[in-house]
Asker: 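Below you will find the structure I want to go over with you.
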Amino acid sequence: MNQRLRAVFFSAVIVWGSLAACGDAADRTPFRFDQLARVARVGHFSLSPDGRLLAVAVAAADLDENRLRSAIWLVPASGGPARRLTSGEKNDSEPRFSPDGKEIAFLSERESGSQIWVLDLAGGEPRKATAFPTDVNAFKWSPDGRSFVFTSDVFPDCPDTACLTKVSQDRSKAKVKARIADRLLFRHWTAWKDGTRTHVWRAPADGSGDPIDLTPGDRDAPPFGGDNAFEVSPDGKELVYASNPDPVEALSTNGDIWTVPFDGRGKPSDLTAGSKAFDGTPSYSPDGK
């Protein structure tokens, strides 16, 4: 769009908005809370590999319990009626198609906190794919569909799930629930770190085998638990993620982009070590270069 057309377009938008705002006030009806509560909330979505279907998380308000209940729906990308895939009795969210398009993985709190569940589009009930000792925050499929990579807030001294399970159980059984914070950052906005660090883990998609910590150490890697801070390379050989390299993370907004072998063997490599600004949201090009 050239400069003149752009100016005409935005002028038209402003005029339209002004006319819409000048309607008769007597014809307006306030948007009531009970009406808002009936509006469905559309959340995360995933496009199937063939581009024909959308998997969408849709939440509805439960006023009696003062909470949202979320279900996974399947919608034709070209338009048409939607089909609900999960009941929505619990919180099902973050749907993701498998690389071959035959399954949909999603997060659910239906059992043992937030874990990854997989639904075969050919039919049947969802199966639990992870039983991680701490909640799964976000996840992705590996390009070959054989693994999940996910973030979770874990105890940095624990090298495996057995240790995480023991420490979690010991904490839950402890009579004293107080915590002593002797360093920053002990809270980010409304989320208490409570001695944990955000790490990226790799786990077999079929539920067999032990998960592997791909970003071990006493550091948040990535700094937040969202799915936009890490990705697996197209060839499945390495993981890229964001992390703050500074000694006292709470005193800096720096962030670097790191890569590490996807098999968990090898040290991470800092790709943007010369930058003191925030570098984040890494994503591979389709050819992996």
Side-chain angles (χ1 to χ4, degrees), residues 43-46 55-57 59 67-72 85-86 88-99 103-119 125-143 145-156 158-169 171-172 188 190-216 219-232 239-243 260 262 264:
H44 184 91
F45 67 90
S46 175
V56 186
R67 56 165 294 184
L68 292 176
R69 297 180 183 273
S70 180
I72 308 300
L85 298 180
T86 63
E89 290 300 315
K90 299 293 184 179
N91 191 24
D92 301 332
S93 63
E94 309 294 320
R96 286 188 175 276
F97 278 96
S98 59
E103 296 177 314
I104 292 177
F106 58 95
L107 293 182
S108 181
E109 299 174 351
R110 61 184 65 194
E111 181 185 313
S112 304
S114 177
Q115 299 293 329
I116 302 173
W117 291 69
V118 177
L119 179 64
E125 293 295 318
R127 64 173 176 85
K128 190 176 182 181
T130 61
F132 204 67
T134 52
D135 286 347
V136 175
N137 298 326
F139 77 98
K140 291 182 178 180
W141 292 87
S142 64
R146 299 173 60 184
S147 302
F148 288 119
V149 283
F150 60 89
T151 58
S152 185
D153 293 337
V154 298
F155 306 106
C158 284
D160 52 38
T161 56
C163 175
L164 289 176
T165 299
K166 183 179 185 304
V167 174
S168 298
Q169 291 175 346
R171 280 200 172 193
S172 65
H188 185 263
T190 59
W192 294 90
K193 296 302 292 185
D194 205 19
T196 60
R197 290 291 199 173
T198 302
H199 287 179
V200 180
W201 290 69
R202 172 187 177 182
D206 61 5
S208 65
D210 294 325
I212 299 174
D213 190 350
L214 297 179
T215 60
R219 182 171 297 278
D220 288 316
F224 311 111
D227 62 2
N228 64 347
F230 63 95
E231 189 173 77
V232 184
L239 175 84
V240 64
Y241 64 95
S243 182
V260 68
F262 193 54

Asker: Which word best sums up how the rings of Trp141 and Phe148 line up, parallel for under 30°, tilted for 30 to 60°, or perpendicular for over 60°?
Answerer: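 If you compare the ring of Trp141 with that of Phe148, the planes turn out tilted.
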Asker: Please evaluate residues Asp160 and Asp210 with respect to the criterion side-chain contact (heavy atoms from CB on, under 4.5 Å), reporting the C-alpha separation (whole Å), side-chain torsions for both, the decisive distance (0.1 Å), and the verdict.
Answerer: CA-CA 8 Å; Asp160 52 38; Asp210 294 325; over 6 Å; no
Asker: Using every non-hydrogen atom in the two residues, find where Gly195 and Pro156 come nearest and quote the distance to one decimal.
Answerer: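 Taking every non-hydrogen atom into account, O-CD, 3.4 Å.
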Asker: Test Arg202 against Val232 for side-chain contact (heavy atoms from CB on, under 4.5 Å), laying out the working first.
Answerer: CA-CA 10 Å; Arg202 172 187 177 182; Val232 184; over 6 Å; no
Asker: Looking at CD of Gln115 and NZ of Lys128, how far apart are the two atoms once the value is rounded to the nearest 0.5 Å?
Answerer: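 It is 5.0 Å, given to the nearest 0.5 Å.
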Asker: So which of Thr215, Val149, Leu214 actually passes side-chain contact (heavy atoms from CB on, under 4.5 Å) with Phe230?
Answerer: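 For Phe230, the side-chain contact (heavy atoms from CB on, under 4.5 Å) test succeeds with only one of Thr215, Val149, Leu214, which is Val149.
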Asker: Using 0.5 Å steps for rounding, measure from the CD1 atom of Ile72 to the CG atom of Leu119.
Answerer: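 It comes to 9.5 Å.
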Asker: Hey, is CZ on Arg171 packed in by over 12 heavy atoms from elsewhere, all under 6.0 Å?
Answerer: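 Atom CZ in Arg171 is packed in, count exceeds 12.
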Asker: Where do Pro126 and Arg110 come nearest, in terms of heavy atoms and distance?
Answerer: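 That closest heavy-atom pairing would be CG-NH1, 3.8 Å.
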Asker: Please give me the minimum heavy-atom distance between Ala129 and Val118, naming the atom from each residue.
Answerer: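 Residues Ala129 and Val118, closest heavy atoms: CB-CG2, 3.9 Å.
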Asker: Drop me the distance from Asp227's CG to His44's NE2, to the nearest 0.5 angstrom.
Answerer: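 The NE2 atom of His44 is 5.5 Å from CG of Asp227, to the nearest 0.5 Å.
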Asker: Between Ala55 and Pro95, what is the shortest heavy-atom contact and its length?
Answerer: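 Minimum heavy-atom contact is O-CG, 3.6 Å.
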Asker: Is the backbone N or O of Val136 less than 3.5 Å from a side-chain atom of Ser114, with the two atoms forming a donor-acceptor pair by type?
Answerer: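 Yes: the side chain of Ser114 pairs with the backbone of Val136.
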Asker: With rounding to the nearest 0.5 Å, note down the distance linking OG1 in Thr151 to NE2 in His199.
Answerer: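 With rounding to 0.5 Å, OG1 (Thr151) is 11.0 Å from NE2 (His199).
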Asker: Heavy atoms only: give me the nearest Thr130-Ile116 pair and the separation to one decimal.
Answerer: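 Scanning both residues, the minimum pair turns out to be OG1-N, 2.9 Å.
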Asker: Can a side-chain donor-acceptor contact be found between Asp194 and Thr196 if the only test is distance below 3.5 angstrom?
Answerer: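 Per modelled atom types, Thr196 and Asp194 side chains form no pair under 3.5 Å.
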Asker: For the pair Val260 and Tyr241, evaluate side-chain contact (heavy atoms from CB on, under 4.5 Å) and give the outcome as yes or no after the intermediate values.
Answerer: CA-CA 9 Å; Val260 68; Tyr241 64 95; 4.0 Å; yes
Asker: Verify, without hydrogens or angle tests, whether Ser168 (side chain) and Thr165 (backbone) share a donor-acceptor contact under 3.5 angstrom.
Answerer: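 Checking the backbone N and O of Thr165 against the side chain of Ser168, no donor-acceptor pair under 3.5 Å is found.
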Asker: Return the minimal non-hydrogen interatomic distance between Asp135 and Ser152, and the atom names on each side.
Answerer: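 Looking at all heavy atoms of both residues, the closest pair is O-OG, 2.6 Å.
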Asker: With rounding to the nearest 0.5 angstrom, report the CZ to OG distance, Phe262 to Ser142.
Answerer: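 Output value for this atom pair is 5.0 Å.
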Asker: When you compare the side chain of Leu164 with that of Phe155, does any pair of heavy atoms fall below 4.5 Å?
Answerer: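 Yes, at least one pair of side-chain atoms sits under 4.5 Å.
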Asker: Enter the distance from Asp153:CG to Asp220:CG here, rounded to the nearest 0.5 Å.
Answerer: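 Those atoms lie 7.5 Å apart.
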Asker: If only side-chain N and O atoms count, and only distance matters, is there a donor-acceptor pair under 3.5 Å linking Ser70 with Ser93?
Answerer: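 Checked: Ser93/Ser70 side chains show no N/O donor-acceptor pair below 3.5 Å.
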Asker: Given side-chain contact (heavy atoms from CB on, under 4.5 Å), test Phe106 with Glu94 step by step and report yes or no.
Answerer: CA-CA 5 Å; Phe106 58 95; Glu94 309 294 320; 5.7 Å; no
